[in-house]
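Single-structure report; data block below.
Naming convention: chains lettered A, B, ... in sequence-line order (proteins, then strands); numbering from 1 in each chain. Because the structure is predicted, anything quoted here is derived from the model rather than measured.
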Amino acid sequence: MSGDLVSRRKLITTGLVAAAGASGLAAAVHVANRYGLIPPDHGGIYGVGETLTYAAQRLLMSHHPLAREFNRSEISKVAPVNGDTPEDEPYQRLLAGGFKDWRLVVDGMVARPYAFSLQELKRFPARSQITHQACEEGWSFIAEWTGVPLSYVLNLVGVQQQARYVVFFPFDTSWDSLDMADAWHPQTLLAYAMNGDELPAPHGAPVRLRVPRQLGYKSIKYLSHITVTDTLKNIGKGLGSISPEIGYSWYAGI
Amino acid sequence: MQESAYLAGLPIEIPSALDAPRHSGLVRITHWIHTVSFFALVVSGVAILLAHPRLYWGETGGVGTPSLIDLPLPFILVGQSGWGRSLHFLAAWICVLNGLVYVFSGLVGRHFRRDLLPSTANLRWGNVMRVVSNHLRWKRPGAEESYSYNVLQRITYLGVVFVLFPLIVLTGLAMSPAITSIFPALVTGFRGQQSARTIHFFAASLLVVFLFVHVAMVCRAGFMSRMRAMTTGHGHAGGESR
């Protein structure tokens, strides 16, 4: 009799705990979705880790802290490069012509789509920052980057309310995207100069992205086209970047 | 909650003492979750290292700059360590959350104070020398060591839990450009991002050394009985040969 009671009580308690756990999880997923805490590559077993990291860091960085900046004396003498400069004809022609005919197309969910020339970008208010860039392989260097904050360009074209991501297409085959927290971040630059000189071709001429709160591979080079969107589902495999397609995380704040 | 395994002061010939579990349920569960996550962290950590097996000191470093140590390993996973990174961070979440449960319950349940903090008697010179000499002579532990940790175990376990693991988690976080934008002191405290990476490597190496010694000691003390004690909670006192 008392054994029955105990086991019934145990059953009810277990049921209540399970129900609370399930509804707690459902509520957490709902809140996470609503506040943009779920990365586009959240699927699969590794997606659990990606989501935990992305959500935790987005919550911890809700006050938009700045990546560390350094003194001029700390700039690295060697700045290694990964990847090759695009060899295809359109890029090589622009490179040979000093990027006079290069245009950066900004379109998508914006009020005023526009194609910016390099001269136009250089006339906008510039920001210079000396930041650390770490490759996911393990090496790193410090350099000074000068460019126009992406937020300035986004304000010019007028981003629509429902926009959630900014997607970047370069001249090579890679592509990537940022959430709005990083897109609007003051240190996110469209960089056209490095250590006081024109951006060298191997470092992404004429303009590369700089996202100093993420690993180097998010700072994609050789920019050609930027598009603002509310979904990443119809681009590539829908994972937000080429990185998850080759095994790396979309979010690289680590 | 289950009381701890170590029954301080109880003479072991009392049968009820022998019936009590040697390790609490919580210690046993967190131990095996930790085993799995640590194994995943070591395998994936080696995969990440094989993308660039060179260590530096300070903020920066790369091919073309002087290194602190060139590990005798090949650069074979360049651009192919993505799975290693994903596995490493997933396992790190499990390791840290599981570790927090273990540490919190060990503090609240007084497991650390009662079972692991060395007592004055433990620390007496004669006792320390006796334990060291037993180890040096590769002597099997006596029955009393089934129910109580010796002084070397106590110091080692506390060092692993409260020094090496916090160090490896903090140096790992110090490599994150997002985390260091929130807590810059984390990386400047380790003298830079590359220094943090190097310290992370050496802390991991010490943990692997600990693992080998731990497993060797378990084998020496009686593999089956110690495995039973950490799984079901019940193991015979002393080695199985007795």
Assess whether atom [atom1] of [X] is packed by more than 12 heavy atoms of other residues, nucleotides or ligands within 6.0 Å.
X: Asp84(A); atom1: CG; result: no
X: Phe75(B); atom1: CZ; result: yes
X: Phe39(B); atom1: CZ; result: no
X: Arg127(A); atom1: CZ; result: yes
X: His203(A); atom1: NE2; result: yes

Practice task
Could you tell me whether the side chains of Ser81(B) and Glu136(A) share a donor-acceptor contact shorter than 3.5 Å?
Solution key: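 Per modelled atom types, Ser81(B) and Glu136(A) side chains form no pair under 3.5 Å.
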Practice task
Evaluate the side-chain contact (heavy atoms from CB on, under 4.5 Å) criterion for residues Glu50(A) and Leu90(B): first the C-alpha distance (whole Å), next the side-chain angles of each, then the deciding distance (0.1 Å), finally the verdict.
Solution key: CA-CA 7 Å; Glu50(A) 305 295 347; Leu90(B) 176 64; over 6 Å; no
With chain B as the partner, which of [options] has the greatest number of non-hydrogen pairs under 4.5 Å?
options: Ser243(A), Ser140(A), Gly247(A), Pro65(A); value: Ser140(A)
options: Gly138(A), Pro244(A), Ala252(A), Ala79(A); value: Gly138(A)
options: Val48(A), Ile45(A), Thr53(A); value: Thr53(A)

Exercise for the section: Check step by step if side-chain contact (heavy atoms from CB on, under 4.5 Å) holds for Leu60(A) and Ile179(B). Expected result: CA-CA 8 Å; Leu60(A) 283 170; Ile179(B) 294 294; 4.3 Å; yes
Practice task
Determine which residues belonging to residues 54-64 of chain B lie within contact range of chain A, meaning some heavy atom pair is under 4.5 Å apart, and list them by number or answer 'none'.
Solution key: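 From residues 54-64 of chain B, the residues near chain A are Glu59(B), Thr60(B), Gly61(B), Gly62(B), Val63(B), Gly64(B).
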Exercise for the section: Side-chain contact test, heavy atoms from C-beta onward, threshold under 4.5 Å: evaluate it for Met61(A) versus Ser181(B) and give yes or no. Expected result: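 Yes, at least one pair of side-chain atoms sits under 4.5 Å.
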Practice task
Only counting residues at least two apart or in another chain, list the ones meeting side-chain hydrogen bond (donor to acceptor under 3.5 Å, both in side chains) with Ser176(B).
Solution key: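 Scan of Ser176(B) (side-chain hydrogen bond (donor to acceptor under 3.5 Å, both in side chains), adjacent residues dropped) gives none.
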Exercise for the section: Could I get the full list of side-chain hydrogen bond (donor to acceptor under 3.5 Å, both in side chains) partners for Trp83(B), not counting sequence neighbours? Expected result: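 Partners of Trp83(B) by the side-chain hydrogen bond (donor to acceptor under 3.5 Å, both in side chains) criterion come out as none, since no residue qualifies.
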If I compare all heavy atoms of [X] with all of [Y], which pair ends up nearest, and what's the gap?
X: Glu137(A); Y: Gly79(B); value: OE2-N, 4.0 Å
X: Ala178(B); Y: Tyr251(A); value: CB-OH, 3.6 Å
X: Pro212(A); Y: Pro177(B); value: O-CB, 3.5 Å

Exercise for the section: Could you tell me whether the side chain of Tyr248(A) and the main chain of Gln80(B) form a donor-acceptor pair under 3.5 Å? Expected result: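 It does hold such a pair.
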Problem - Side chain, backbone, both or neither of Leu50(B) within contact of chain A (heavy atoms, under 4.5 Å) - result: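 When you check distances to chain A, no heavy atom of Leu50(B) falls under 4.5 Å.
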Handout entry: Chi angles and distances behind the side-chain contact (heavy atoms from CB on, under 4.5 Å) call for Val187(B), His132(A)
Key = CA-CA 12 Å; Val187(B) 61; His132(A) 187 268; over 6 Å; no
Exercise for the section: Go through Thr180(B), Leu173(B), Thr65(B), Ile182(B) and name the one with the most non-hydrogen pairs under 4.5 angstrom from chain A. Expected result: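 It is Ile182(B).
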Handout entry: Interatomic spacing from CZ in Phe89(B) to CG in Leu52(A) - rounded to 0.5 Å
Key =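 Between atom CZ of Phe89(B) and atom CG of Leu52(A) there are 13.0 Å.
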Practice task
Sort and list the pairs that fulfil salt bridge (charged side-chain N to carboxylate O under 4.0 Å, His left out) and have at least one residue in residues 163-173 of chain B, not counting sequence neighbours.
Solution key: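 Matches after skipping sequence neighbours: none remain.
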Exercise for the section: Can you tell which part of Tyr217(A) gets under 4.5 Å to a heavy atom of chain B, answering side chain, backbone, both or neither? Expected result: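 Nothing of Tyr217(A), per the 4.5 Å heavy-atom cut-off to chain B.
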Problem - Contacting region of Leu215(A) [heavy-atom separation from chain B under 4.5 Å] - result: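 Looking at Leu215(A), backbone and side chain both touch chain B.
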